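Contents: one structure, followed by commentary.
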Amino acid sequence: MDPSRLTEALKARAQQLGFDLVGVCPAQRPPHWEAFCRWLQAGYAGQMHYFHRRAAAYEHPRAVLEGVRSLVMLGMNYRTHQPRHPAPGQARIARYAWGADYHELIRPRLRRLAQWLRGQVPEALVRGVVDTAPLLERSFAQQAGLGWIGKNTLLIHPRLGSYLFLAALLTNLELSYDAPFDRQHCGRCQACLDACPTGALVAPYVLDARRCISYLTIELRQMPPEELRPKMGPWLFGCDCCQEVCPWNRRGVISAEPAFQPPPGTNPADALEILSLTEEQFRQRFRHRALWRAGRAGLVRNAALVLGNRPTVSALDALGQSLQDRQPMVRAAAAWALRHYPDPTARLLLQKALASEGTPQVQQEIRSSLQHLPS
């Protein structure tokens, strides 16, 4: 089969497997390689040290598959229901984490696509990756004609918007390549920069992850900086602020994928219920969900911060119990949250916790909260 016919058949098979977008580009140094290096040098990756450890590998996809000649870039739309406004005591979860873990959904389909390609060309080398390999997916997706990279640093498709999961199939075969998406449709719009609560978009196309709510609620393994905590608002896991204001997401296509539909308690989530999760309950509920990445301590910490930003009287006792949690980060978050409860009970809970607390960082949070509360 010649490259053109093979590529068309491969694209058709990808669409049969549920991928909404598919394009092909040559394996080469990604156009955004230099920008990625500057981003790392600026320290914008924060505690995501894996970027630094694998920095050289991002320069060329041969680090993912030796002998690679072509990249089949794939996109899957995950837009489903409209987000519901959370009431006090409730929290928001980014849309991409509403349903099943997208890795577990996409990987089997990538394997089936790879098997199909090997069936056509038995000697072909093929590897499918989704979000975990050292690959600048958005840069290659643009090269494959799937859209442009917007000022919020996300790939935007003119019809589907930016609510997209990206994946790639790498092969040593030379396929027929699509024209890069060389238009930029953001224009003068800066809605995403203006909407970011924490100012994480420090310039168009530049994200300081250290200020991003998604980073703070998922990747950060300690308490967020104190000045950013109130700006995190109701977000329990991830953030969609820069996508929700994007004009290209106003009329996006709704995904029919059942696995992306939000189960009960997701849109919105019950922050008080999350706060009370044991390790076993967390494992049973989130083992196959994207929220697993935050870990039980991270997710419970986030729930405490939400209950500090959106106080509700019913959370007072649960926050008091969290002051005894075995994880210092959870105790610190509960202590910070209680400063927003001008109730004598909050002061008593903090004073009792301070008498037995042995971690200096948590002691500091408790003392600071006591100073904020009326005596």
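Note that this is a predicted model, so its numbers are computed, not measured. All heavy atoms count here, side chains included; hydrogens, waters and symmetry mates do not.
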Discussion item. Counting C-beta onward and ignoring hydrogens, is there a side-chain heavy-atom pair between E174 and P3 closer than 4.5 Å?
Written reply: no

Item to complete: Kindly compute the distance separating CG (L113) from CZ (R109), expressed to the nearest 0.5 Å.
Response: 11.5 Å

Practice prompt. Kindly work out whether a path of hydrophobic side-chain contacts (I/L/V/M/F/W/Y, heavy atoms less than 4.5 Å apart) joins Y205 to Y58.
Written response: no

Discussion item. Main chain of C239, side chain of S214: is a donor-acceptor contact present, judged purely on distance under 3.5 Å?
Written reply: yes

Discussion item. Testing the basics here: between P86 and P234, what is the closest heavy-atom pair and its distance to 0.1 Å?
Written reply: CG-CB, 4.0 Å

Discussion item. If hydrophobic clusters are built from ILVMFWY residues whose side chains come within less than 4.5 Å, do L71 and L146 share one?
Written reply: yes

Worksheet item: Any side-chain heavy-atom pair from Q190 and P204 closer than 4.5 angstrom?
Response: yes

Fill in: Which atom of G233 lies closest to which atom of N309, heavy atoms considered
O-ND2, 3.2 Å

Worksheet item: Which pair of heavy atoms, one from W336 and one from G308, lies closest together, and at what distance?
Response: CZ3-CA, 4.1 Å

Worksheet, complete the sentence: Rounded to the nearest 0.5 angstrom, the CD-CG distance for Q324 and L349 is 9.0 Å

Item to complete: May I ask you to decide if T153's main-chain N or O and R138's side chain share a donor-acceptor pair within less than 3.5 Å?
Response: yes

Practice prompt. Go through the side-chain N and O atoms of S162 and N249 and say whether any donor and acceptor fall under 3.5 Å apart.
Written response: yes

Worksheet item: Any donor-acceptor pair under 3.5 Å linking the side chain of W39 with the backbone of V206?
Response: no

Practice prompt. I would like to know whether H32 and R38 meet side-chain contact (heavy atoms from CB on, under 4.5 Å); could you show each step before the answer?
Written response: CA-CA 10 Å; H32 297 87; R38 292 193 297 269; over 6 Å; no

Worksheet entry | F237 and Y96 aromatic ring geometry - parallel, tilted or perpendicular at 30°/60° bounds | tilted

Worksheet item: With distance as the sole test, does R347 use its side chain to make a donor-acceptor pair with the main-chain N or O of P374 at under 3.5 Å?
Response: yes

Discussion item. Using 30° and 60° as the class boundaries, would you call the ring planes of F286 and F282 parallel, tilted or perpendicular?
Written reply: tilted

Worksheet item: Can you name the closest pair of heavy atoms from G238 and T217 and give their distance?
Response: N-OG1, 2.9 Å

Worksheet entry | Single-linkage hydrophobic cluster I218~M223, side-chain heavy atoms < 4.5 angstrom | no

Discussion item. Would you say that P224 contacts M232 through its side chain, given a criterion of any heavy-atom pair below 4.5 Å between the two side chains?
Written reply: yes

Discussion item. P180: which residues meet the side-chain contact (heavy atoms from CB on, under 4.5 Å) condition with it, sequence neighbours left out?
Written reply: Q143

Worksheet item: Are any side-chain N or O atoms of T312 and backbone N or O atoms of A315, one a donor and one an acceptor, separated by less than 3.5 Å?
Response: no

Fill in: Short side-chain donor-acceptor distance under 3.5 Å, R13 and Q16
yes

Worksheet, complete the sentence: Paired with K11, the side-chain contact (heavy atoms from CB on, under 4.5 Å) test is passed by just one of L6, L175, D178, namely D178

Worksheet item: Just checking, is any N or O donor in the side chain of T359 or R331 under 3.5 Å from an acceptor N or O on the other one?
Response: yes

Worksheet entry | Nearest atoms (heavy-atom pairs only) where A318 meets L272 | CB-CD1, 3.5 Å

Item to complete: With rounding to the nearest 0.5 Å, note down the distance linking CZ in R79 to CH2 in W98.
Response: 9.5 Å

Item to complete: Using distance alone, with no hydrogens and no angle criterion, decide if H81 and N267 have a side-chain donor and acceptor under 3.5 Å apart.
Response: no

Worksheet item: Any chance CZ of R62 has more than 12 other-residue heavy atoms, nucleotides or ligands included, within less than 6.0 Å?
Response: no

Can you give each donor-acceptor pair under 3.5 Å made by side-chain atoms of residues 163-173, sequence neighbours left out, with the distance rounded to 0.1 Å?
from	atom 1	to	atom 2	distance (Å)
T171	OG1	L125	O	3.0
T171	OG1	L173	N	3.1
N172	OD1	L125	N	2.9

Worksheet item: C186 and K151: which non-hydrogen atoms are nearest, and at how many Å?
Response: SG-N, 3.6 Å

Worksheet item: Is R84 atom CZ crowded by more than 12 heavy atoms from other residues, nucleotides or ligands, each under 6.0 Å away?
Response: no

Discussion item. Is a donor from one side chain sitting under 3.5 angstrom from an acceptor on the other, for Q284 and E280?
Written reply: yes

Discussion item. As an exercise, state the distance from CG of L220 to CE of M48, rounded to the nearest 0.5 Å.
Written reply: 10.0 Å

Worksheet item: Just by distance, do the side chain of Q327 and the backbone of M329 share a donor-acceptor pair under 3.5 Å?
Response: no

Worksheet, complete the sentence: Rounding to 0.5 Å, atoms CE (M73) and OG (S139) come to a distance of 9.0 Å

Discussion item. Between L105 and F260, does the side-chain contact (heavy atoms from CB on, under 4.5 Å) criterion hold? Intermediate values first, please.
Written reply: CA-CA 9 Å; L105 179 81; F260 294 157; 3.2 Å; yes

Worksheet item: So how far is it from E8 CD to D2 CG, rounded to the nearest 0.5 Å?
Response: 10.0 Å

Worksheet item: Taking it one step at a time, do Q222 and Q47 satisfy side-chain hydrogen bond (donor to acceptor under 3.5 Å, both in side chains)?
Response: CA-CA 10 Å; Q222 61 191 48; Q47 293 185 8; 2.9 Å; yes

Worksheet item: Can you tell if the side chain of P122 reaches within under 4.5 Å of the side chain of R118, non-hydrogen atoms only?
Response: no

Worksheet item: How about R5: does its CZ atom have over 12 heavy atoms from other parts shown lying under 6.0 Å from it?
Response: no

Worksheet item: With a 6.0 Å cut-off on ring centres, are H288 and W292 close enough?
Response: no

Discussion item. Main chain of P262, side chain of T266: is a donor-acceptor contact present, judged purely on distance under 3.5 Å?
Written reply: no

Item to complete: Taking R296 for its side chain and R283 for its backbone only, find out whether a donor-acceptor pair lies under 3.5 Å.
Response: no

Worksheet item: D101: what forms a salt bridge (Lys or Arg N to Asp or Glu O under 4.0 Å) with it, not counting sequence neighbours?
Response: none

Discussion item. Closer than 3.5 angstrom, by distance alone: can the side chain of D240 be matched with the main-chain N or O of Q243 as a donor-acceptor pair?
Written reply: no

Item to complete: Please report the C-alpha distance between Q90 and D270 in whole Å, then the side-chain angles of each, then the deciding distance to 0.1 Å, and finally whether the side-chain contact (heavy atoms from CB on, under 4.5 Å) criterion is met.
Response: CA-CA 5 Å; Q90 293 182 324; D270 188 332; 5.7 Å; no

Discussion item. Could you check whether any side-chain heavy atom of R95 comes within less than 4.5 Å of a side-chain heavy atom of Q82, counting everything from C-beta outward?
Written reply: yes

Discussion item. Are the side chains of F19 and I106 in contact, using a 4.5 Å heavy-atom criterion?
Written reply: yes

Discussion item. I'd like to know whether K231 forms a side-chain contact (heavy atoms from CB on, under 4.5 Å) with I213, so could you lay out the CA-CA distance, the side-chain angles of the two residues, the decisive distance to 0.1 Å, and finally the verdict.
Written reply: CA-CA 9 Å; K231 299 177 181 180; I213 294 175; 6.0 Å; no

Worksheet item: Under 3.5 Å, is there a donor-acceptor pair between the side chain of T198 and the main chain of R211?
Response: yes

Item to complete: State whether the number of non-hydrogen atoms from other residues, nucleotides or ligands found under 6.0 Å of Q351 atom CD is greater than 12.
Response: yes

